[in-house]
Colleague: 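Structure in structure tokens, see below.
These figures come from a predicted structure and were not determined experimentally.
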Amino acid sequence: MESFQITADGPQARPLEGTVHVGGAKNSALKLMAASLLAPGISTIHNVPDILDVTVMAELLRRLGCTVDVDHPLDADPTAELTSGIVRIAVPEELAWEAPYELVRRLRASIAVLGPLVARCHRASVALPGGDAIGSRGVDMHMAGLRELGAEVRVEHGQVVAEVRDGLKGAALWLDFPSVGATENLLMAAVLATGSSVIDNAAREPEIVDLCEMLVAMGARIEGIGSSTLRVEGVDRLNPVDHVTVSDRIVAGTWAFAPAIAGGRVTVKGGVAAHLDLVLDKLLDAGAEISSEADGFTVSVDKRLRSFDVVTLPFPGFPTDLQPFAMALASVSDGTAMITENVFESRFMFAQELARLGADVHTDGHHAVVRGVPLLSGAPVVAHDIRAGAALVLAGLAGKGVTTVAESHHIDRGYPSFAEVLAGLGADVVRLPDSVA
Ligand code: UD1
């Protein structure tokens with residue numbers, strides 16, 4: 001498996017300098033692709049990131065009977081500035097309704113086809129995704145909500161099987177926690193149910209707003225978009241659409257953390273500052289300079305930042321996906337930070353890898369105390385998931401010596417050309433092929 005090799009002399013030794021371009025959000029594009037199942041005909045999703053997860057979702061949709069073309073500008077022209085492409089999905093009148101384990105285990109977001117399949121086919125069998133390096137990721141809220149909408153739902157031979165004889169019926173749904181995945185699945189089921197539904201304590205992430213906007217363009221009737229109460233009036237049929245994916249706030253946030261950790265000045269074109277209010281405020285308070293532009297923002301850091309505490313929460317709280325970057329930054333900041341992880345219980349596996357780079361991190365349950373040190377020291381480490389992997393690469397830039405991040409395929413799942421973009425900012429980051437790692 002490929003690794004990334006980072007050679008550095010510590011923070012500020014080789015400041016990052018330049019502009020990065022942020023494309024469409026992975027966590028939105030995958031759900032928009034699933035939402036296309038709701039309408040027979042050809043839907044086109046624009047601004048789709050060039051990452052492996054999109055390829056796997058395309059494969060799953062083909063398995064369900066769709067014809068899917070994934071077109072990325074970089075495939076035709078490797079020097080193209082765009083990092084995002086177009087996915088055309090031709091959805092048949094009759095869909096297959098079984099999502100097999102061999103695909104679902106490669107992409108947990110595959111569970112997003114459950115709601116659309118029950119709505120369209122009145123039955124679905126989608127493999128239970130199972131756990132991963134950041135937590136157990138249950139689907140109990142997805143199943144409970146579908147039951148409220150009238151489906152019979154059970155787990156059988158590792159598959160979530162849902163059936164409804166006369167179609168879904170609108171209902172009042174209350175989520176125990178504003179789960180992103182459950183909100184999406186229940187929304188996609190409710191738009192084709194008979195009558196009205198209310199989803200209370202719904203997630204409010206910009207990716208949910210994006211999905212609502214696509215559904216409304218398809219003919220769905222949804223009120224309360226962007227709030228924690230979504231009101232849906234079911235319709236008989238939806239139409240295919242052309243939709244542009246919302247900008248990836250987690251990738252934009254990653255590039256905001258890059259100069260904070262390594263030093264330098266990075267302009268994040270296409271990043272939406274309003275989706276990162278809390279994150280950018282924290283970096284500003286810590287001593288970074290931040291300026292907003294019409295089409296993005298710039299973060300400059302020419303000194304050691306002050307430590308800050310982080311508590312991860314559903315949007316608009318601090319995103320759990322940026323927590324590893326906050327921990328990497330705290331490890332080289334001035335002072336002590338308390339980091340509380342409220343969303344994914346196992347995300348602190350990352351702390352053990354960061355400690356291999358010399359970070360002073362102590363974890364206890366879902367809290368971590370990080371005492372900043374002036375300099376990390378390069379070491380071999382392992383990427384256990386997308387965000388932890390990218391955060392280790394940035395931490396490597398704040399270390400003296402050589403850091404190798406093994407299992408870098410995780411990083412490629414979330415960041416188009418991460419090593420190459422960092423190299424473009426002046427960092428010494430290269431990919432090592434399997435045989436060298
Ligand atoms: C999505 C994102 C992920 C992000 C997360 C929170 C995608 C592909 N992934 O994941 O990057 O970190 O939102 O912003 O969009 N839970 C249950 N039962 C359920 C549903 C969820 O216990 O039925 C738990 C999960 O195990 C987790 C927490 O709720 O601990 C949050 O999960 P959720 O918001 O659903 O995240 P995902 O949709 O999996």
Colleague: Looking only at heavy atoms, which two atoms of Leu60 and Leu103 are closest? And how far apart?
Modeller: CA-CD1, 3.8 Å

Colleague: Rounded to the nearest 0.5 Å, what separates atom CE in Met141 from atom CG in Leu175?
Modeller: 6.5 Å

Colleague: Would the number of heavy atoms belonging to other residues, nucleotides or ligands and lying under 6.0 Å from CG of Asp277 be above 12?
Modeller: yes

Colleague: Taking all non-hydrogen atoms of both residues, which atom of Val118 and which atom of Ala151 are closest, and how far apart?
Modeller: CG1-CB, 4.4 Å

Colleague: At what distance, to the nearest 0.5 angstrom, does CG of Leu30 lie from CD of Glu184?
Modeller: 9.5 Å

Colleague: Where do Asp53 and Arg413 land on the salt bridge (Lys or Arg N to Asp or Glu O under 4.0 Å) test, with the steps shown first?
Modeller: CA-CA 6 Å; Asp53 282 8; Arg413 282 189 44 214; 2.9 Å; yes

Colleague: May I ask you to test the Glu223-Glu233 pair for a side-chain heavy-atom distance under 4.5 Å?
Modeller: no

Colleague: Quick check: do His384 and Phe350 have side-chain heavy atoms less than 4.5 Å from each other?
Modeller: no

Colleague: Which distance, rounded to the nearest 0.5 Å, do you find between the CG of Leu211 and the CG of Asn27?
Modeller: 12.0 Å

Colleague: Do we see a donor-acceptor contact under 3.5 Å between the side chains of Ser228 and Asn201?
Modeller: no

Colleague: Is Arg431 atom CZ crowded by more than 12 heavy atoms from other residues, nucleotides or ligands, each under 6.0 Å away?
Modeller: yes

Colleague: Are any of the side-chain nitrogens in Glu102 or Arg63 under 4.0 Å away from the carboxylate oxygens of its partner?
Modeller: yes

Colleague: Please name all residues satisfying salt bridge (charged side-chain N to carboxylate O under 4.0 Å, His left out) with Glu163, sequence neighbours left out, ordered by chain then number.
Modeller: Arg154

Colleague: In Å and rounded to the nearest 0.5 Å, what is the CD to SG distance from Glu94 to Cys121?
Modeller: 8.0 Å

Colleague: Are any of the side-chain nitrogens in Asp321 or Lys26 under 4.0 Å away from the carboxylate oxygens of its partner?
Modeller: no

Colleague: Would you indicate whether Leu52, at its atom CG, is surrounded by more than 12 heavy atoms from other residues, nucleotides or ligands within a distance under 6.0 Å?
Modeller: yes

Colleague: Does a side-chain heavy-atom distance below 4.5 Å link Arg249 with Val279?
Modeller: no

Colleague: State whether the side chain of Asp210 and the backbone N or O of Ser28 hold a donor-acceptor pair below 3.5 Å, judged by distance alone.
Modeller: no

Colleague: In the structure I gave you, are the side-chain heavy atoms of Trp174 and Glu148 within less than 4.5 Å of one another anywhere?
Modeller: no

Colleague: Search all heavy atoms of Pro319 against all heavy atoms of Ile250 and return the closest pair with its distance.
Modeller: CB-CD1, 3.9 Å

Colleague: Taking the side chain as every heavy atom from C-beta outward, state whether Glu98 and Gln159 have any pair of such atoms under 4.5 Å apart.
Modeller: yes

Colleague: Enter the distance from Asn185:CG to His142:NE2 here, rounded to the nearest 0.5 Å.
Modeller: 6.0 Å

Colleague: Are any non-hydrogen side-chain atoms of Thr340 and His366 less than 4.5 angstrom apart?
Modeller: yes

Colleague: Under a 3.5 Å distance rule, please check whether Thr363 uses its side chain to pair with a backbone N or O of Phe348 as donor and acceptor.
Modeller: no

Colleague: Does the plane of the ring in Phe257 sit parallel, tilted or perpendicular to the ring in Phe318? Use 30° and 60° as the thresholds.
Modeller: perpendicular

Colleague: What I'd like to find out is whether the side chain of Val369 reaches to under 4.5 Å of the side chain of His367, using heavy atoms alone.
Modeller: no

Colleague: What orientation do Trp255 and Phe418 show, parallel under 30°, tilted 30 to 60°, or perpendicular over 60°?
Modeller: tilted

Colleague: Could you tell me whether a side-chain N or O of Asp309 sits under 3.5 Å from a main-chain N or O of Met338, the two making a donor and an acceptor?
Modeller: yes

Colleague: In terms of side-chain heavy atoms, does Ser291 have a donor or acceptor partner in Glu293 at a distance below 3.5 Å?
Modeller: yes

Colleague: When you look at Leu329 and Lys282, which way does the side chain to side chain contact (heavy atoms under 4.5 Å, CB included) test go after all the steps?
Modeller: CA-CA 12 Å; Leu329 174 59; Lys282 292 247 176 211; over 6 Å; no

Colleague: Identify the heavy atoms of Ala330 and Ala337 that sit nearest to each other, and give their distance.
Modeller: CB-CB, 3.8 Å

Colleague: Under 6.0 Å from the CD atom of Glu420, do we count more than 12 heavy atoms belonging to anything else shown?
Modeller: yes

Colleague: Does Asn47 reach the main-chain N or O of Val244 with its side chain, forming a donor-acceptor pair under 3.5 Å?
Modeller: no

Colleague: Tell me whether Arg356 contacts the main-chain N or O of Pro380 through its side chain, where contact means a donor paired with an acceptor under 3.5 Å.
Modeller: yes

Colleague: Should the pair Arg237-Glu93 be classified as a salt bridge under the 4.0 Å nitrogen-to-oxygen rule?
Modeller: yes

Colleague: Is it the case that the side chain of Thr44 and the backbone of Arg88 share a donor-acceptor pair, with hydrogens and angles ignored and the cut-off at 3.5 Å?
Modeller: no

Colleague: Give a yes or no answer on whether the side chain of Arg120 reaches the backbone of Leu37 with a donor-acceptor pair at less than 3.5 Å.
Modeller: yes

Colleague: Walk me through it: do Val126 and Val113 pass the test side chain to side chain contact (heavy atoms under 4.5 Å, CB included)?
Modeller: CA-CA 8 Å; Val126 179; Val113 302; 4.0 Å; yes

Colleague: For Val209 and Val246, what are the C-alpha separation, side-chain angles and deciding distance, and is it a side chain to side chain contact (heavy atoms under 4.5 Å, CB included)?
Modeller: CA-CA 9 Å; Val209 172; Val246 70; over 6 Å; no

Colleague: Mark yes or no for whether Ser197, through its side chain, and Ala171, through its backbone, hold a donor-acceptor pair below 3.5 Å.
Modeller: yes

Colleague: Quick one: CD1 on Ile42 to OG on Ser36, what's the gap to the nearest 0.5 Å?
Modeller: 11.5 Å

Colleague: Is the closest side-chain donor-acceptor distance between Glu341 and Thr312 under 3.5 Å?
Modeller: yes

Colleague: Taking all non-hydrogen atoms of both residues into account, name the closest pair between Cys66 and Ile89 and its distance.
Modeller: CB-CG2, 4.0 Å

Colleague: Looking only at heavy atoms, which two atoms of Leu280 and Ala273 are closest? And how far apart?
Modeller: CD1-CB, 3.8 Å

Colleague: Under 3.5 Å, is there a donor-acceptor pair between the side chain of Arg147 and the main chain of Val153?
Modeller: yes

Colleague: Side-chain contact test, heavy atoms from C-beta onward, threshold under 4.5 Å: evaluate it for Val382 versus Glu353 and give yes or no.
Modeller: yes

Colleague: Using a 3.5 Å distance criterion without hydrogens, assess whether the side chain of Arg265 forms a donor-acceptor pair with backbone atoms of Pro259.
Modeller: no

Colleague: Check the pair Val299 / Phe297 against side chain to side chain contact (heavy atoms under 4.5 Å, CB included), numbers first and verdict last.
Modeller: CA-CA 7 Å; Val299 179; Phe297 56 87; 3.9 Å; yes

Colleague: Walk me through it: do Arg165 and Glu152 pass the test salt bridge (Lys or Arg N to Asp or Glu O under 4.0 Å)?
Modeller: CA-CA 9 Å; Arg165 194 170 298 164; Glu152 214 177 84; over 6 Å; no

